[in-house]
A.B. asks: 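Following this message is one structure expressed as structure tokens.
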Amino acid sequence: MKSPLLSLPGAVPAEGRDEGVAAHYGDLFREQRALADGTGFVDLSHRGVVTVTGDDRLSWLHLLLTQHVSDLPAGQATEALILTAHGHVEHAMYLVDDGETTWMHVEPGTQDDLLAYLESMKFFYRVETADRTEDIAVVHLPAGSIADVPEGAVVRETSHGRDLFLPRAALESYAAAHGPAAGILAYEALRVEAHRPRLGFETDHRTIPHELGWIGSAVHLQKGCYRGQETVARVQNLGKPPRRLVFLHLDGSDVLLPGPGTPVRLAADGEEGRQLGFVTTSARHHELGPIALALVKRNVPVDAELVAGNTAAAQEVVVEP
């Protein structure tokens, strides 16, 4: 989905998984500061939007998701995962129920596979699923925003801000009334600062929820069975995940940021040392400078000085070893 807001002054299109919205509107750090101050909005209209309706929607989703949603109150936001049979992360969903419909937004391009799985699991339950991506756009308001919410919009409110499900036809008029717009790079920098993982960025085909700190926020440990639960319970009760998410403060003297997949090694071993992990997301932050998230082996000492490629990196613990 290509956003009409790419026509705004200064808009530079994003690339890769975030293609379809603006990377920035001409001033990355100004846009970050605006979001940090609780002003402006972020166009997330490239994200997939899926709805579930029907009397059994919450009890049915409760059987499929890692989160406890059978009694989810109307208006309360939550997030959830769908795992493979071996406990690897397959989908990440950001949900809210309005009393009649469960709304969720997902990573761009993943909604078709998600819907195919949901449809295959309907059986005799009174539920209907729908892809609403073509007619509904997601807009993010930062924490502290006092912007009004248009009548009829569905709101998903969290500690990080509010996600609005707006009619796509109203996106341009909303932008005109609630600017300034901030690009996806500003949003991503604040996400990295907050240590929040993202499907397809911090995950690969081997990722289990424990590695990224999703236990609690997206995985409920006291709910009934769901696909992959055995792995979750076994790692939680009997073992440790093989990898852990870390936050990196990067050396600011380098012109280029280490991109996703850049090897992480011990600084003492240099570029020829054994690879201990890899960068998942890097960003330039308006206060912290260059920062990144990375996945490293669980047994990497928490006080070890690291290098990402040839860039010095000081780690902060996100997931305890």
Side-chain angles (χ1 to χ4, degrees), residues 1-8 11-25 28 31 35 41-52 65 77 79-83 88-96 102-119 129-142 153-154 156 158 160-172 174-175 181-192 194 196-205 207 212 214 218 259-261 280-283 293:
M1 300 297 293
K2 184 177 180 180
S3 173
L5 302 191
L6 285 171
S7 63
L8 291 178
V12 174
E15 299 177 347
R17 292 187 180 95
D18 288 319
E19 182 180 2
V21 296
H24 60 83
Y25 295 90
L28 172 62
E31 295 164 30
L35 293 179
F41 70 92
V42 183
D43 176 13
L44 298 180
S45 62
H46 62 318
R47 291 184 64 81
V49 176
V50 172
T51 59
V52 182
L65 309 184
E79 56 188 88
L81 308 174
I82 288 177
L83 307 180
H88 300 132
V89 178
E90 191 168 70
H91 291 285
M93 294 146 289
Y94 302 86
L95 302 91
V96 68
T102 301
W103 297 78
M104 60 187 81
H105 64 82
V106 299
E107 286 298 324
T110 65
Q111 63 268 24
D112 288 346
D113 287 344
L114 173 60
L115 279 165
Y117 173 69
L118 294 178
E119 283 291 316
T129 65
D131 182 354
R132 302 293 304 276
T133 309
E134 289 194 2
D135 64 300
I136 299 294
V138 179
V139 169
H140 175 77
L141 300 178
V154 176
R156 180 180 177 274
T158 73
H160 303 293
R162 288 178 288 170
D163 297 333
L164 310 184
F165 294 85
L166 294 175
R168 190 170 290 274
L171 188 57
E172 289 182 276
Y174 185 86
I184 194 69
L185 290 182
Y187 179 83
E188 283 288 280
L190 299 185
R191 177 182 72 83
V192 172
R196 290 185 288 131
R198 184 176 170 189
L199 183 77
F201 288 68
E202 279 61 59
T203 67
D204 60 19
H205 67 285
T207 301
L212 303 184
W214 260 327
T280 58
T281 307
S282 57
L293 293 173

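Only this structure's heavy atoms are used, side chains among them; waters, hydrogens and symmetry mates stay out. Quantities reported herein were computed from a predicted structural model and do not represent experimental measurements.
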A.B. asks: Which value, rounded to the nearest 0.5 Å, describes the distance between Leu212 atom CG and Leu81 atom CG?
C.D. replies: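 It is 9.0 Å, given to the nearest 0.5 Å.
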A.B. asks: CG of Leu83 to CG of Leu65: how many Å apart, nearest 0.5 Å?
C.D. replies: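 Rounded to the nearest 0.5 Å, the CG-CG separation comes to 9.5 Å.
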A.B. asks: Distance-only, no hydrogens or angles: does the Glu188 side chain make a donor-acceptor pair with backbone N or O of Ala283 under 3.5 Å?
C.D. replies: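 It does not hold such a pair.
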A.B. asks: Heavy-atom distance under 4.5 Å between the side chains of Leu171 and Ser45, does that happen here?
C.D. replies: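 Heavy-atom side-chain distance check passes, below 4.5 Å.
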A.B. asks: Below 4.0 angstrom, N of the basic side chain to O of the carboxylate: do Asp163 and Arg47 qualify?
C.D. replies: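 Arg47 and Asp163: not salt-bridged.
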A.B. asks: Using a 3.5 Å distance criterion without hydrogens, assess whether the side chain of Arg168 forms a donor-acceptor pair with backbone atoms of Ile136.
C.D. replies: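 Checking the backbone N and O of Ile136 against the side chain of Arg168, a donor-acceptor pair under 3.5 Å is found.
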A.B. asks: Considering non-hydrogen atoms only, spot the tightest contact between Thr110 and His91 and give its length.
C.D. replies: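 Thr110 and His91 have their closest heavy atoms at O-CE1, 3.8 Å.
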A.B. asks: About how many Å separate CG of Leu28 and CG of Leu185, when rounded to the nearest 0.5 Å?
C.D. replies: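 It is 6.0 Å, given to the nearest 0.5 Å.
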A.B. asks: Do you know which two heavy atoms are closest between Ala186 and Ala182, and how far apart they sit?
C.D. replies: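 Shortest heavy-atom separation between Ala186 and Ala182 comes out as CB-CB, 4.4 Å.
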A.B. asks: Should the ring pair Phe165 and Trp103 be called parallel, tilted or perpendicular, given that the plane angle runs from 0 to 90° and is split at 30 and 60?
C.D. replies: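 Ring orientation of Phe165 relative to Trp103: tilted.
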A.B. asks: Quick one, Tyr187 with Asp18, criterion side-chain contact (heavy atoms from CB on, under 4.5 Å). Give me CA distance, side-chain angles, the key distance, then yes/no.
C.D. replies: CA-CA 12 Å; Tyr187 179 83; Asp18 288 319; over 6 Å; no
A.B. asks: Does the side-chain contact (heavy atoms from CB on, under 4.5 Å) test come out yes or no for Thr129 and Glu119, once each step is laid out?
C.D. replies: CA-CA 7 Å; Thr129 65; Glu119 283 291 316; 2.4 Å; yes
A.B. asks: For a 4.5 angstrom cut-off between non-hydrogen side-chain atoms, does Asp131 reach Asp112?
C.D. replies: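 When only atoms from C-beta onward are counted, Asp112 and Asp131 do touch, with a gap below 4.5 Å.
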A.B. asks: Within a strict 4.5 Å, meaning less than it, do heavy atoms of the Arg132 and Val50 side chains meet?
C.D. replies: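 Side-chain contact under 4.5 Å: no.
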A.B. asks: Identify the heavy atoms of Ala181 and Glu31 that sit nearest to each other, and give their distance.
C.D. replies: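 The answer is O-CG, 4.0 Å.
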A.B. asks: For Arg196, does its backbone N or O pair with a side-chain atom of Arg191 as donor and acceptor, under 3.5 Å?
C.D. replies: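 Judged by distance alone, yes, a pair lies under 3.5 Å.
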A.B. asks: Are Leu164 and Phe41 close enough that some pair of their side-chain heavy atoms sits under 4.5 Å apart?
C.D. replies: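 They are not in contact (no side-chain heavy atoms under 4.5 Å apart), so the answer is no.
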A.B. asks: Does Arg198 come within less than 4.0 Å of Glu107, counting only side-chain N to carboxylate O?
C.D. replies: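 Counted as a salt bridge, because a side-chain N and a carboxylate O are separated by less than 4.0 Å.
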A.B. asks: Do Thr207 and Glu202 have side-chain N/O donor and acceptor atoms under 3.5 Å apart?
C.D. replies: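 No - no donor-acceptor pair under 3.5 Å links their side chains.
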A.B. asks: Here's a test for you: under side chain to side chain contact (heavy atoms under 4.5 Å, CB included), which of Thr51, Val49, Val52 qualifies with Met104?
C.D. replies: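 With Met104 as partner, side chain to side chain contact (heavy atoms under 4.5 Å, CB included) holds for just one option, Val52.
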A.B. asks: State the CZ-CD1 distance between Arg17 and Ile184, to the nearest 0.5 angstrom.
C.D. replies: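 Those atoms lie 13.0 Å apart.
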A.B. asks: Nearest 0.5 Å, what's the NE2-NE2 distance between His88 and His205?
C.D. replies: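 His88 atom NE2 to His205 atom NE2 measures 7.5 Å (nearest 0.5 Å).
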A.B. asks: Say you draw a straight line from CD of Glu134 to CD of Gln111; how long is it, rounded to the nearest 0.5 Å?
C.D. replies: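 One finds 9.5 Å between CD of Glu134 and CD of Gln111.
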A.B. asks: Measuring only between side-chain heavy atoms, which start at C-beta, is Arg156 closer than 4.5 Å to Thr158?
C.D. replies: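 Yes, their side chains come closer than 4.5 Å.
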A.B. asks: Taking all non-hydrogen atoms of both residues, which atom of Ala92 and which atom of Leu199 are closest, and how far apart?
C.D. replies: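 Looking at all heavy atoms of both residues, the shortest contact is N-CD2, 3.8 Å.
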A.B. asks: Is the shortest heavy-atom distance from the side chain of Phe201 to the side chain of Leu293 under 4.5 Å?
C.D. replies: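 They are not in side-chain contact.
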